[in-house]
Amino acid sequence: MSRFQQLAEFERPLAAGYELLPFHFTALDDDNYVATNVAGEFVVLTRPDLEAFSSQSLPHTSALYDELKSKHFLIDSDSDVAIDLLALKLRTKLAPLANFTGLHMFVATLRCEHSCPYCQVSRANDDRTEFDMSEATALKALDLVFRSPNPAIKVEFQGGEPLLNFPLVRFVVEEAKRRNEAERRNLAFVIATNLAVIDDEILDFCRTHAILISTSLDGPADLHNKNRPRPGHDSHARAVAGIHACRSALGRDQVAALMTTTAGSLGRVREIIDEYVSLDFDGIFLRPLSPYGFAMKTKFYRGYDQARWLDFYFEGLDYIIDLNLSGFWFIEHYAALILRKMLTPFQPGYVDLISPAGIGIGAIAYNYDGDVYASDESRMLAEMGDKTFCLGNVHTHSFEDIFLGDALLGPLEASFAGSAPMCSWCAFEPYCGADPVFHHATQADFVGKKPLSAYCNRNMAIFRGLIQRMRSNPDVRAVFERWANLG
Amino acid sequence: MIALSAAQLSFNTPGADAPRQTIFLSDNPGRPMPLRQREGFLVRDGEVPEGFGWYLLHGEATAVAARLANQRVVLLPPELDYLGDGDVVRLNPERTALRVLYRRSSPHNHFLLTERCNNYCLMCSQPPRNVNDGWIIDEVIEALPLIDRDTVELGITGGEPTLLGERFFDLVRSAKSFLPDTALHVLTNGRLFVNPVQAETLGKINHPDLMLGIPVYSDLAHVHDYVVQADGAYDETIRGILNLKRERQKVEIRVVLHKQTYARLPQLAEFIARNLLFADHVALMGLELMGFARANLEELWIDPVDYREELTAAVNILSRARMNVSLYNLQHCLLDRSLWPFARRSISDWKQEYMPECDGCELRTQCAGFFASAKYRYSDRITPLDGSGWPVRNQKAGG
């Protein structure tokens, strides 16, 4: 046996101590802390353990030492490849930034035949064509779209109800595809529609051009119709009929639905989820209201407080987890986005939960009148009279004016979570994002005071909730790993 | 188990001494005349076409041998009966020996390039020897043009093949040139690719279907270094993998399962999924009781049933991360049923066997079976299974 050395021989260098790699920590609950490294790997540990680790006195014989070494929180004189791997993981997360703007939203019209009180866009009556985007404006916007270096370009039609200006939608799709014959981008289209006015001609067109449909579905008929009034009080029936029609015409996976939580939704999260299950969706995105547009004017945004929304969210999340544990595959998409950051080397490009912020460099909105906004929320803010995030106009400004101007770079730089007060030392920073539009809207500041920030409080509660759930039950962790790897 | 070499054969080499030679074997009496001089003819039914460089006869064909008095002849022992058309052998007349280099009918052809290695793994099935064996790769490179171009895969093993330096790259170039449609699977510890130039050299060859199988035994450097008995090996191997992937080479991560590695299998799986997600394949492999594995049996042996929980967790972590995972050398009856879809029939045909306990098992044709060497130690919980995968009821005990 003397030919072989014992394990103890190879452990000898460990006794010389260890160096800390960059990490942050935050309390998880009364007894435990979460520590995260720059790549978003996390370790849950007690306060005494945290103190021992951070004072470099954790014995190398402890199980926690192995975990911290394996997850790249420390290096000892035995091995320093952790630094290469950390760098690689960080690069993997940030690499998509170099692609620049991928999502380009066209506000085809502000007109809408719904009159939802929570609407985040101030709608216009559906007979006033001055709120329609013109072809001349669309052509100028397309010039900007193709200036983006992103190899994958997604054009999303927004409103109002964009199908009320279907000729413009058709014009943009055909023109974009014509240009793409030379551009060779991975070009995709989405129409965000309430489906109330969809017809066979539109479906034919969507099928021909492989256009995805994104619609609104708030839950069971009574809730949906209360949230989304329209002449005839048949919004739900039309949405459901539209979903079925789109699926037969375009394919099951070509239709997505989004819900918005109102005061009327609270207490009904299971019914809302059941509605999605029975309509054969693979998941649901449990979304709170945003403080913009009509939602503010009508006081809908104040209809419930953060704590009630979180109760709603977690009740729904737990119900969905139980569905999965009993063998039924169903996803909560917001959790899945965060879990992708927690459990994989990747960072999803979701514009509301990324840092640097997704405004402008992740997504951009071309309003019906040619004004260019840093995000969909930015133009909602503008409809309320605040044009802070208006980056220019397609008719009068160049690509450089719009994408390299102070109106965009200022808030991007100011809000960067890696250097923002309280964010930069928060353990959850690798999972979180920067939302200068939200903080400007609520606190008149791109950064905002985080203890007063509903964005911060909501996301912190969700980060903690997800970690607690996967920690307390390995089967939940398994479900979460599957969600995380959907991307 | 079948024999891949034979010595003390009966060679007949009239005239000048016959050189050592790598030859293509044929049983086709219609082979083009210009090729015959450098080929061997397998005499089957007494027909002896003229012009072949060698004639290979089965031992009892003495009547034919008499007719070949003026030809170079090798009399084959019964264990080489399987030799067939398209096989490639190395003849050493001086030592009256023959080695089978390539069998066209087998999916498991591999070449050992060197016995030298810069690791000294506790469980090495092919213990390294510090010998000057540079002649081996010359022979292999000589054999490549003789190998059937429809061959699906060739394995390259050692020792550590990359220790051959430029000659190793010559081999890859040669394989690309003569066997462009053949997958090349190289077992290496990857350490030398810590030098980016080495990885770049390989990348530039641009072999169309090359996979490097590289062992990673732990998420902890010191444990891996202990298993491979080489301080610093882990960092070199991991950096080697990163350099290879930067050069867009395919990398397979190989984990041998034994007493020193099983406990942290779930952590290793998490580490791989988080850090090496770009690996093209992960193979988790039962221990082969050859070489050092037998010498270190007590340090290494653990019944696969006793690491079932860790293995199941590890496979699930990798599979949920959408990695391509395989289990090698593990018997179906020892695995959690959920892992059967990952279990491959991995053991080379020439050393694959079953145990007496397998009698009556209806899943033998799906099961990996055993290495021939498993006779030294195997699980005492081998159980025959019926067609739907449940244990066959023991008639006596069942009463």
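Hydrogens, waters and symmetry mates play no part in the numbers below; they use all other heavy atoms, side chains included. Chain letters run A, B, ... following the sequence lines, proteins first, then strands; residues in each count from 1.
Within the 4.5 angstrom heavy-atom criterion, only side-chain atoms of A/Leu14, from C-beta onward, approach chain B. In this structure, no portion of A/Asp76 lies under 4.5 Å from any heavy atom of chain B. Neither the backbone nor the side chain of B/Leu268 comes within less than 4.5 Å of any heavy atom in chain A. Contacts of A/Thr344 with chain B are made by backbone atoms alone, with heavy-atom separations under 4.5 Å and no side-chain atom involved. Contact annotation for B/Ala321: both backbone and side-chain heavy atoms come within less than 4.5 Å of a heavy atom of chain A. Heavy-atom distances place the side chain of A/Leu88, and not its backbone, under 4.5 Å from chain B. The contact between A/Ala478 and chain B is made by backbone and side chain atoms together, counting heavy-atom distances below 4.5 Å. At a 4.5 Å heavy-atom cutoff, the contact between B/Tyr234 and chain A is made by side-chain atoms alone. Heavy-atom distances place both the backbone and the side chain of B/Leu122 under 4.5 Å from chain A. Contacts between B/Glu236 and chain A at a heavy-atom distance below 4.5 Å are absent for every atom of the residue. Using a 4.5 Å cut-off between heavy atoms, B/Ala230 touches chain A through its backbone atoms (N, CA, C, O) alone.
Counting only distance, with no hydrogens or angles, the side chain of A/Arg340 and the backbone of A/Phe346 share no donor-acceptor pair below 3.5 Å. Remark: the backbone N or O of A/Val476 is not paired with any side-chain donor or acceptor of A/Arg469 at under 3.5 angstrom. Side-chain N or O atoms of B/Glu160 include none that pairs as donor or acceptor with a backbone N or O of B/Leu163 at under 3.5 Å. Between the side chain of B/Tyr217 and the backbone N or O of B/Arg254, no donor-acceptor pair lies under 3.5 Å. When atom types are taken as modelled, the side chain of B/Arg377 and the backbone of B/Trp301 share no donor-acceptor pair closer than 3.5 angstrom.
Between A/Ala417 and A/Gly433, the shortest heavy-atom distance links the atoms CB-O, 4.3 Å.
Proximity of the aromatic rings of A/Phe330 and A/Tyr276 is defined here by a centroid distance below 6.0 angstrom, and this criterion is not met.
Contact count versus chain B (heavy atoms, under 4.5 Å) is highest, among A/His72, A/Arg12, A/Glu67, for A/His72. Ranking B/Val227, B/Val223, B/Asp219, B/Leu220 against chain A, the residue ahead of the rest is B/Leu220, based on heavy-atom pairs under 4.5 Å. Between chain B and the residues A/Ala82, A/Pro13, A/Pro345, the most heavy-atom pairs under 4.5 angstrom are made by A/Pro345. Chain B forms the most heavy-atom pairs under 4.5 Å with one residue out of A/Arg482, A/Glu9, A/Glu41, and that residue is A/Glu41.
Checked options B/Arg248, B/Lys250, B/Lys245; the residue passing with B/Asp280 is B/Lys245 (criterion: salt bridge (Lys or Arg N to Asp or Glu O under 4.0 Å)). The side chain to side chain contact (heavy atoms under 4.5 Å, CB included) test with B/Gln249 is passed by exactly one of B/Asn206, B/Leu212, B/Ile205: B/Leu212.
If you check the side chains of A/Ser79 and B/Asp235, you find a donor sitting under 3.5 Å from an acceptor.
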